[in-house]
Structures are given as C-alpha cells and as structure tokens.
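Predicted model, so just to flag it, every value in this text is computed and none were measured.
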Amino acid sequence: MSYTVLMPPTPDNQPYTAVGSSSTKSEDLPPPPPTNAAKRTNQRGGGARKRDDGGSGGDSSAKMDRRLSLLKSQNKSMLLRSQTGDFDHNRWLFESKGTYGIGNAFWSPDGGYDDAGGGMNMSDFMDKPWKPLTRKVRVPAVILSPYRLLVLGRLVCLIGFLIWRITNANTDALWLWGLSTACEIWFAFSWLLDILTKINPINRAADLAALQEKFESPSPSNPMGLSDLPGIDVFISTADPEKEPPLVTANTILSVLATEYPVDKLAIYVSDDGAALLTFEAMAEAASFAEIWVPFCRKHCVEPRNPEAYFNLKLDPTKNKKQPDFVKDRRWIKREYDEFKVRINGLPESIRKRSKTLNSKEQKKAVSLAKENGEDPAAAKSNIPIATWMADGTHWPGTWKSPSPDHSNKDHAGILQIMIKAPDHSPVYGNTGDHPFIEFTSVDIRVPMLVYVSREKRHGYDHNKKAGAMNALVRASAILSNGPFILNFDCDHYIYNSLAIREGMCYMMDRGGDRICYIQYPQRFEGIDPSDRYANHNTVFFDGNMRALDGLQGPMYVGTGCLFRRYALYGFCPPRANEYLGLYGQREGDDESQPLNEHPDLDMPERFGNSGIFLDSIAFAEFQGRPLADHPSVKNGRPPGALLAPRPPLDALTVAEAVSVISCWYEDKTEWGDRIGWIYGSVTEDVVTGYRMHNRGWRSVYCIPKRDAFRGTAPINLTDRLHQVLRWATGSVEIFFSKNNALLASSRLKFLQRVAYINVGIYPFTSIFLVIYCFLPAVSLFTGEFVVQSLNTTFLIYLLLITLTLSLLSILEVKWSGISLEEYWRNEQFWVIGGTSAHLAAVLQGLLKVIAGIDISFTLTSKSANEDDEDLFADLYIVKWTALFVPPLTILTVNIIAIFIGVSRTLYSVIPQWSKLIGGLFFSFWVLAHMYPFCKGLMGRRGKTPTIIYVWSGLIAITISLLWIAISPPDIGHSYNEGI
C-alpha cells in the first residue's frame with residue numbers, strides 16, 4: 001500500500017521568475033489553502049489529500065494577502081538560504097503561518113478552516129490520550145540472562161558434586177562423611193528454594209503527574225478540579241509508652257498529618273493497646289502542635305515532615321527555598337517544637353503530680369465522710385483506689401499506674417476519642433493576622449482527622465496481640481471514615497517522602513489495579529552504625545528478595561509500611577483470578593468461576609459481626625476502591641467524579657457504634673482473625689495475612705520510590721537484634737506446622753510464589769544443619785580426619801566451580817538489586833550468626849508449642865531513642881547476656897581450640913597429614929570469618945568485655961577438653977614405647 005502526501009504549494013515548487021525580476025506574476029505565489037468545501041480523505045492518517053484550486057472568498061483572500069506580504073515584496077531573497085540559494089521552508093512556514101498537510105497538524109480557521117460544515121477543528125486534536133499511571137521497568141537482559149544461566153550452571157555443579165559425594169564415601173570416617181553430606185544436601189535444597197524466586201526481578205515506575213491530571217484536574221465530570229482520589233485510613237500502632245516513647249509516636253503522627261494527600265480524604269487512627277494516659281495526652285499535644293506544623297510544611301514544602309528528623313538534618317535547610325520569610329518561619333517553628341518536646345517530656349511528672357493531688361483529695365473526703373458516719377477512717381482511706389486522673393478531673397478509663405480492677409493492661413474499657421474532627425470538604429485558607437508569628441495567607445490550614453483508639457480488654461478473652469488491635473481499628477475506621485484503602489505503620493516508622501502515598505495509589509488506580517490487594521514499601525532505617533555490623537538495614541531482603549517477588553505474584557507483607565485494599569482485608573476474592581497448573585499451566589477466570597480444587601480460603605466471608613453500619617460500609621469500600629473507568633480496557637471501574645461528594649458528618653450514634661465494634665466480645669462467633677482482617681495464631685501475623693490474600697488470587701506490588709518512602713528505627717544492640725530475629729523465625733516455624741503452610745495452598749498461588757512461602761516456613765530448620773556444619777571443621781582438626789578421603793582433583797574442581805558460580809551470582813545480584821558487596825557480605829555473616837543462635841532456638845520453641853502446647857511470648861522490642869549525646873551508637877557496645885549467645889560462643893571456642901590442636905598434631909606428627917590440616921583450617925577460618933561481628937559484639941567497648949564472657953569461654957573450653965579426653969584418651973604406653 002502506498003500513500004501520497006501532497007505538499008502545499010510554496011515558491012520553490014511553483015513556477016516563478018528569476019529572483020531578481022522586477023515583476024511578480026500571480027502564478028509565482030502559492031495558492032491559498034483549501035476551503036471547507038474541498039474534498040479531504042484520511043484526515044487523521046496523513047494520507048492523500050485532494051485540492052480544490054478555487055478561491056476562498058474575500059475575507060480569506062485578504063488574510064492570505066497579509067500573510068504573504070513578505071512574498072509579494074520585492075525582497076524575496078529573504079526567503080532563500082544564503083549558502084545554497086534554495087528556498088527556506090522553515091522561514092516560509094514562520095512568516096506565512098502555513099502548514100504541511102493535516103495529518104497531525106491544524107490549519108487555523110482564519111487560514112481557510114472553520115468549525116462549520118463538519119470540518120476538522122482544534123478540538124479534534126485536544127483529546128488527550130489515555131495515560132497509564134505505572135509501568136514496568138525490566139532488568140537489562142545483559143544482567144538477567146547471565147544471572148539465569150549461572151543459576152542453571154551452579155545447579156548442575158551442585159547435582160554433580162552431591163552425586164560424587166554420595167558415591168565416594170570416606171571409609172576412614174563414615175560418620176563424618178555422612179554428617180557433612182547430609183548438611184550439603186540440605187544446603188543445596190535451601191539455596192534452590194531461595195534462588196528460584198529471584199529469576200524474574202523487575203522494577204516499577206509511577207507517573208505522579210498523570211495521577212494528578214486524571215484525578216485532580218478540571219474535566220467535564222469534575223469541573224471544579226476537586227480531588228477524585230479515594231480515601232485512606234492510616235493506622236499507627238503502639239502498646240507500651242515505656243518502650244515506645246510517646247515523642248516518637250507523636251512525630252510519626254505529625255509526619256502523616258502533613259503528607260501530600262487530599263486532607264478530607266485522609267484519616268489517622270492511633271491504636272494504643274496499652275491504654276496509657278501518657279500516650280493519650282501526648283496525642284492531644286501532637287494534635288495541638290499539628291495546627292501550625294502542617295500549614296508550615298505545606299507553605300514551604302519541607303521534607304521530611306517528621307519535625308524531629310527535619311530539624312536534625314545535616315543539610316542546608318535553605319537549599320531551594322525562595323520565600324523570603326522561610327528563615328523567620330523556620331526559626332519560630334523550631335522554637336515551638338522545642339517547647340512541644342518539653343511538654344511531652346514533662347507529661348509523666350505532670351500526670352503523677354495531678355493524680356497524687358486528686359487522690360489525696362479523694363482520700364480526705366473519704367476520711368471526713370467516715371468520721372461523720374462514725375466509721376473507721378483508716379478503712380475508708382484504704383478503700384479509695386490509687387487512680388490515674390485526666391486533666392479534666394475525671395478517672396482515666398484505661399490502665400492506671402497502680403493497676404486496679406477494670407483499670408489494668410488486660411482489663412479496661414474501650415476508649416475512642418476524636419482528637420481532630422473531620423476537616424471541611426473545601427480548602428480553608430489562612431488570613432492575614434490569623435497568627436501573630438507566621439503568615440498562612442493562601443495556605444490550606446486544614447488538618448486531617450485524628451482518632452485515638454484503645455480497644456476493650458477483659459479477663460477471659462484472647463486479645464490476639466497486635467493482630468487483634470489492628471482488626472479493632474479496621475472495624476472502627478469502617479464506621480467513622482471507611483477509607484477504601486488502609487496504610488499501617490509501627491509507631492517508630494514515619495513518612496519520609498510526602499508523595500509516597502500518591503505513588504502507591506498510582507498502582508491501585510491503574511488499569512488492573514482492582515486485582516492488587518496491597519502495596520508494600522521497603523523498610524528503611526535510621527540510627528544504624530555506619531558499618532551495619534548486624535545487617536540491620538536488611539537490604540539483601542528488601543532490595544533483592546522482595547524486588548524479585550514483585551516479578552511473580554507480588555512481595556510478602558512485612559508488617560509496616562503497607563497500603564491495603566480494605567475489600568481484600570475483608571477476605572473476599574479478587575474480581576478476576578487465574579488458576580495455575582504445575583509450573584506453567586494457567587487458566588484465566590473471575591471470582592465466580594469454579595476453582596480447579598476447592599480450598600477453604602476461596603469461600604466467601606460471611607460472619608462479620610452484628611453491626612449493621614459496618615455491613616453496609618463493605619459495598620461502599622469496594623466501589624470506592626475501584627480504578628477510574630476512563631478507558632474501555634479498564635475492567636471493574638467506577639465512573640469519573642463518583643468520589644467528589646463530601647463525607648457525611650459524624651454524629652453521636654455513629655461514634656457510639658464505633659465504640660461497640662472495638663469491644664472484646666464483638667468477634668465472638670465471627671470470622672475475624674480466621675479469614676477476615678489480620679490473621680491470628682502466629683507471632684508473624686503479617687506474613688500469614690499476606691499469604692492468605694495471595695492464596696485467594698490477589699496480587700501485590702512492591703513500590704520503591706526514588707526518595708525513601710518511610711523510615712524507622714531498628715535495634716543495633718546484638719541481644720535486641722537476636723531477639724527480633726528469634727520472633728520472626730518462631731513465627732516461620734508456626735507457619736510450617738499450621739494450615740498456612742504453602743504446601744497446602746490453593747491453585748491460585750503461582751508455583752514460584754508457593755516456593756517463596758515454603759521457604760519462609762523452612763528456613764529456620766537450616767539452623768540444625770548449619771550448627772552441625774560449623775562444628776565439623778573443629779571435629780576434623782581434633783580427629784585428623786576430613787569430610788573426604790583426600791583433597792583430590794575432583795573435589796577441588798567442584799569446590800572451585802561452586803564457589804566461583806556463587807561469587808558471580810552475588811556480583812550480578814548486586815547489579816540488579818542495587819545493593820553493595822559489603823551489605824551482601826554483612827548479610828551472609830549475620831545469616832550464620834542468627835542461624836546458629838536465634839533460628840535454632842526458634843525451632844526448639846516451635847516444636848515445644850506443637851508437641852507440648854507451650855505458648856510462646858515475646859517482649860516488645862524497645863524503640864526508645866539513644867540518650868547518649870556524645871555517642872550516637874552507644875547501644876551497639878552494650879552487652880546484655882542472653883542464652884542465645886551460648887551456641888555461637890561454643891562454636892567459636894571449639895574452632896579456636898581445634899586450630900591449635902590440629903596444627904600441633906601435624907607439626908609433631910611422624911607422618912604429617914598436611915592436606916587434611918589445610919582442609920580443616922580452611923573451613924574453620926570460614927566459620928570464624930562469619931562469626932567476626934559476633935565476636936565484636938561480645939567484646940563491647942575496648943577493654944570493657946563483661947566478665948561473664950570470660951567465664952563462659954573458660955567453662956566451654958574446659959568442658960570440650962575433658963570431653964575430648966574422655967572420647968579419645970591418649971595412649972601413654974604406646975607413646976612411651978615409641979620414644980624408647
């Protein structure tokens with residue numbers, strides 16, 4: 001097929017006289033553009049165009065004469081290129097405002113086109129094309145293809161090596177050969193489970209400009225340009241003000257209140273599971289400070305919007321700031337924040353003094369009344385409880401400092417307090433003179449709704465720890481605001497990027513977003529020592545494993561920084577889901593299609609409780625969470641402009657209903673915690689909750705903004721770090737022995753996603769084989785034997801190939817994940833440290849729970865800030881003894897002793913076995929190199945190693961020596977004869 005494009009006549013393609021001629025004929029000039037009566041074909045395709053040579057009328061001719069005044073002048077040489085003498089098309093187009101064809105251009109009405117007669121006009125070109133909100137960015141093939149080939153190559157090497165090991169037994173030490181071979185088989189299996197889920201990593205990018213254009217720009221369905229984005233309910237959980245300081249929680253709240261999201265579409269809920277008055281009053285102080293902090297952030301676009309983090313920035317605060325009053329405003333708001341911190345720090349003493357004064361008054365009243373009635377004053381005084389008093393002179397309904405019936409940590413009433421009411425639907429701008437020190441003119445001074453929630457607790461009820469508190473928030477928020485999306489934070493994780501929520505919303509609102517159950521953000525941490533001794537940043541997991549899972553069915557839910565679809569949390573299946581058969585088989589369907597195999601997770605949830613308002617809110621949440629139906633390919637969408645109406649105001653009955661749904665009896669005979677909301681029965685409720693959603697066919701997405709979305713704190717102390725890992729590993733063991741084991745998953749879970757969840761339940765069991773393998777080098781040096789009969793060529797070649805392929809895989813993984821080699825090495829070191837301590841303890845605890853029914857309890861990880869101003873990393877050097885130190889300390893001691901014994905034996909042996917010594921020394925040094933951070937952690941500061949470390953090391957050394965003498969006593973007589 002050929003296309004002909006007729007160019008408009010110009011002086012260089014029409015007959016004309018010489019340039020220097022004094023006369024200009026009419027045919028020397030280009031004819032006027034065609035009129036509306038002209039025939040046109042293929043208008044939008046730029047195809048052939050028929051031209052009518054007739055005139056266009058008086059007005060058109062006059063306009064054309066004015067346009068071509070330059071051509072009609074005597075100086076036509078102005079349109080010629082000076083170098084070649086050719087006609088300058090660009091100059092002619094500029095001077096005459098002409099066009100070439102009509103394919104993607106427009107000829108203005110005064111040039112011959114108008115709106116009459118059904119001709120082409122500018123509106124035909126003003127239709128904006130549909131824009132996706134997100135896109136996938138594939139890992140370059142030059143990195144991913146070699147990575148996959150190396151995976152295959154290393155797998156072949158491992159299979160060949162294990163076959164060789166099994167068929168070439170060490171007859172001199174069969175027990176050593178058997179143990180080592182069993183460990184190597186398990187390590188190969190564990191590596192395979194881990195690496196299979198990494199073969200398809202992807203990156204994603206979101207278009208924030210397209211989100212604003214689609215949801216917040218004027219359009220026929222939204223003439224005022226109001227926000228058509230769905231609402232978001234943000235959950236912040238805390239439990240103990242001693243370990244989770246209220247100032248940390250308050251800063252997290254302030255960062256959420258100031259985030260860049262429509263104010264009337266945002267609601268913040270703080271769950272205080274300890275029901276502490278200190279937390280309540282700290283939240284009240286935060287709500288008061290937010291009235292000036294939030295407008296300040298909007299006025300000057302500061303980042304981050306956590307005041308503590310913002311004022312501690314080491315960068316120049318005036319960078320890119322252009323408003324002349326910024327320095328004055330910042331100086332004043334800094335002073336206000338310092339006063340705010342002082343008030344927060346003084347709350348414990350203020351509450352204590354207030355309670356002491358009011359309790360004294362109550363006791364005096366009781367004594368006076370007893371004397372009037374002729375009763376015993378001492379008995380009357382003792383009957384007055386030592387209450388905790390609120391600022392308004394009433395008893396605090398939550399936990400008292402001195403626990404009493406109905407006022408203890410596990411026995412108190414439900415509390416719900418709206419600290420900041422729902423804002424107006426329309427922006428409220430500040431006026432001149434509203435504030436004496438800072439000008440908020442033309443700044444939206446509204447603040448999102450803030451609600452304090454403490455669920456009811458009573459004796460005899462299982463409150464299900466954090467999962468139960470989160471489910472109480474789900475129900476209360478459904479009654480009050482019913483945002484179709486839920487974002488949850490730990491109290492120490494704050495918003496570092498104020499646009500992060502919008503970026504996550506791009507994925508939810510894009511085409512196919514109705515199948516996404518949650519958006520997981522990576523966890524980033526502050527306050528970590530520069531060397532990251534204990535791999536606290538965990539970048540290998542967050543930037544490697546999670547990014548790779550995004551290329552499958554989605555990342556796992558890891559507890560905080562996760563944007564949920566409320567409808568998915570309610571236990572419903574996605575509108576469309578696929579059935580997976582084997583490795584690659586797939587069958588498309590929807591939520592009403594019959595699954596290939598029946599599974600309990602695919603049943604519809606039914607028992608939500610007896611709240612009618614809550615039941616009515618489910619349909620609204622599902623509809624409001626749909627993407628915009630602005631394209632024929634968008635399935636299950638909602639019409640544009642459907643979310644422009646303001647939320648109905650709250651009344652007393654609605655608040656009373658919200659209080660009732662957080663009562664301890666509400667979940668009786670319901671499916672909460674079983675298939676609705678956060679799932680109960682595991683200390684790692686986050687992983688189980690995400691697994692259940694994936695098992696129903698939902699997808700998840702990993703959102704990694706260029707600027708960190710959220711930041712938090714992590715324990716840098718060795719003991720705290722090991723206890724944190726112990727809790728995670730114990731939860732994994734619970735998953736393995738429960739119905740949430742991925743081996744029992746439905747057909748809607750992809751094969752490789754199933755492998756990832758299987759690995760979650762299996763990885764703690766690697767500790768058994770790891771501990772054995774860490775002792776084997778020492779045993780080899782003690783006995784003079786080795787795992788193989790001799791260090792022959794075949795063994796060394798296999799060892800070289802396995803090590804080389806692993807190193808190359810590590811380098812390529814560093815390339816596509818963006819982590820550094822040092823971070824990769826730190827992760828490997830702590831894998832050995834955690835595997836020989838916390839993971840082993842988790843396996844034992846999990847087995848005790850399954851076999852003996854012994855419940856597992858954990859203490860809350862302390863999130864208190866370091867109070868040592870001289871050393872920011874003082875906690876790193878604190879040594880707090882724990883039983884978790886015993887296995888790795890034993891491994892260290894045994895290997896060090898074995899090295900001395902093995903070297904001594906070989907040096908003084910008649911026939912030294914150098915090859916076996918070298919093999920044993922190599923693997924012993926491999927163990928010690930991985931244990932180096934553990935050694936530094938035990939030493940504390942230089943010269944301040946705790947005495948208990950020396951005591952335990954000595955006891956272990958003596959025990960090992962005596963045990964070895966008992967097992968292999970020296971042959972004194974034989975040695976004496978040899979000496980003679």
Side-chain angles (χ1 to χ4, degrees), residues 139 143-144 147-148 150-151 154 187 190-203 520-526 528-552 554-561 684 686-687 702-704 708-712 714-716 718 721-722 724-725 728-729 732 752 755-757 759-760 762-764 766-767 770 803 805-839 926 929-934:
V139 176
I143 297 176
L144 194 56
Y147 183 79
R148 291 171 175 172
L150 280 171
V151 170
R154 190 167 195 268
F187 292 152
S190 178
W191 172 83
L192 184 63
L193 290 181
D194 180 66
I195 204 68
L196 279 178
T197 60
K198 295 182 179 180
I199 60 176
N200 190 37
I202 63 169
N203 298 308
Q520 179 64 61
Y521 295 85
Q523 294 182 16
R524 306 300 188 202
F525 302 102
E526 295 177 332
I528 306 299
D529 56 294
S531 63
D532 194 11
R533 181 187 293 178
Y534 306 126
N536 291 94
H537 285 299
N538 212 0
T539 52
V540 173
F541 175 75
F542 286 115
D543 291 337
N545 296 71
M546 296 286 276
R547 194 190 303 263
L549 287 176
D550 199 16
L552 304 177
M556 302 174 186
Y557 167 42
V558 290
T560 183
T684 52
D686 46 1
V687 177
Y702 201 45
C703 178
I704 311 180
D708 292 347
F710 317 124
R711 285 191 176 181
I716 62 174
L718 177 58
R721 176 73 166 128
L722 288 178
Q724 183 186 56
V725 174
W728 296 343
S732 295
L752 291 181
V755 170
Y757 277 113
N759 191 33
V760 168
I762 282 181
Y763 84 87
T766 305
S767 62
L770 183 60
T803 305
T805 52
L806 180 60
S807 301
L808 293 174
L809 281 172
S810 302
I811 293 173
L812 290 176
E813 187 170 336
V814 164
K815 287 287 185 181
W816 61 253
S817 64
I819 61 178
S820 66
L821 282 172
E822 182 182 5
E823 290 172 326
Y824 197 92
W825 170 238
R826 284 282 181 261
N827 182 79
E828 290 296 314
Q829 286 180 311
F830 195 77
W831 175 74
V832 175
I833 296 171
T836 55
S837 56
H839 294 177
W926 177 87
H930 283 77
M931 288 290 183
Y932 177 69
F934 179 78

### Message
For a quick test of reading the model, state the closest non-hydrogen atom pair linking Arg154 to Leu806 and the distance between them.
### Response
NE-CB, 3.5 Å
## Note on the structure
When every non-hydrogen atom of Ser767 is compared with those of Gly835, the smallest separation belongs to CB-O, 2.8 Å
### Phe187 vs Thr766 side-chain heavy atoms within contact, under 4.5 Å
yes
### Task
List the steps and the verdict of side chain to side chain contact (heavy atoms under 4.5 Å, CB included) for Tyr763 and Trp728.
CA-CA 11 Å; Tyr763 84 87; Trp728 296 343; 4.3 Å; yes
### Query
Do Leu770 and His839 have side chains that get closer than 4.5 Å, going by heavy atoms?
no
### Query
Nearest 0.5 Å, what's the CG-CZ distance between Asp532 and Arg826?
7.5 Å
### Summary
Between the CG atom in Asp686 and the OG1 atom in Thr560, the distance rounded to the nearest 0.5 Å is 10.0 Å
### Query
Of the non-hydrogen atoms in Ala535 and Phe830, which two are nearest, and what is the gap between them?
CB-CB, 4.1 Å
### Query
With sequence neighbours left out, which residue pairs that include part of residues 808-825 fulfil the salt bridge (Lys or Arg N to Asp or Glu O under 4.0 Å) condition?
Lys198-Glu813
### Query
Quick one: does Thr197's side chain have a donor or acceptor within less than 3.5 Å of a partner on Leu752's backbone?
no
### Task
For residues Gln520 and Tyr557, determine if any side-chain heavy atom of one lies less than 4.5 Å from a side-chain heavy atom of the other.
yes
#### Entry: Side chains of Phe934 and Ile833 in contact at under 4.5 Å (non-hydrogen atoms)
yes
### Query
Do the side chains of Tyr702 and Pro522 get nearer than 4.5 Å, heavy atoms only?
yes
### Query
Do the side chains of Tyr757 and Met556 get nearer than 4.5 Å, heavy atoms only?
yes
#### Entry: Pairwise side-chain contact, Asn545 with Asp194, heavy-atom cut-off 4.5 Å (strictly under)
yes
### Query
Would a distance-only check, ignoring hydrogens and angles, find a side-chain to backbone donor-acceptor pair under 3.5 Å from Asp550 to Pro201?
no
### Message
So does Ala709 get a backbone contact from the side chain of Arg524, meaning a donor-acceptor N/O pair under 3.5 Å?
### Response
no
### Task
Please work out whether the ring planes of His930 and Trp825 are parallel, tilted or perpendicular, with thresholds of 30° and 60°.
perpendicular
### Summary
Taking every heavy atom of Arg547 against every heavy atom of Ile202, the minimum-distance pair comes out as CG-O, 3.1 Å
## Note on the structure
For Leu722 and Gly834, the nearest pair of non-hydrogen atoms, with its separation, is CD2-CA, 4.5 Å
### Query
Where the side chain of Asp543 meets the backbone of Gly818, is there a donor-acceptor pair that is under 3.5 Å apart?
no
### Query
Quick one: side-chain contact (heavy atoms from CB on, under 4.5 Å) partners of Asn827, sequence neighbours excluded?
Asn538, Val540
### Query
When you measure from the side chain of Arg148 to the backbone N and O of Ile199, does any donor-acceptor pair fall under 3.5 Å?
yes
### Considering all heavy atoms, the nearest Pro555-Leu549 contact
CA-CB, 3.9 Å
### Query
About how many Å separate CG of Leu809 and OG1 of Thr805, when rounded to the nearest 0.5 Å?
6.0 Å
### Side-chain (Gln829) to main-chain (Ala929) donor-acceptor, under 3.5 angstrom
yes
### Query
Atom CD1 of Ile195 and atom OG of Ser190: how far apart are they, to the nearest 0.5 Å?
11.0 Å
### Message
Let's go through Asp708 and Phe525 carefully: what are the C-alpha distance in whole Å and the side-chain angles of both, what is the deciding distance for side chain to side chain contact (heavy atoms under 4.5 Å, CB included) to 0.1 Å, and is it a yes or a no?
### Response
CA-CA 10 Å; Asp708 292 347; Phe525 302 102; over 6 Å; no
### Side chain proximity check, Met546 to Val558, heavy atoms < 4.5 angstrom
yes
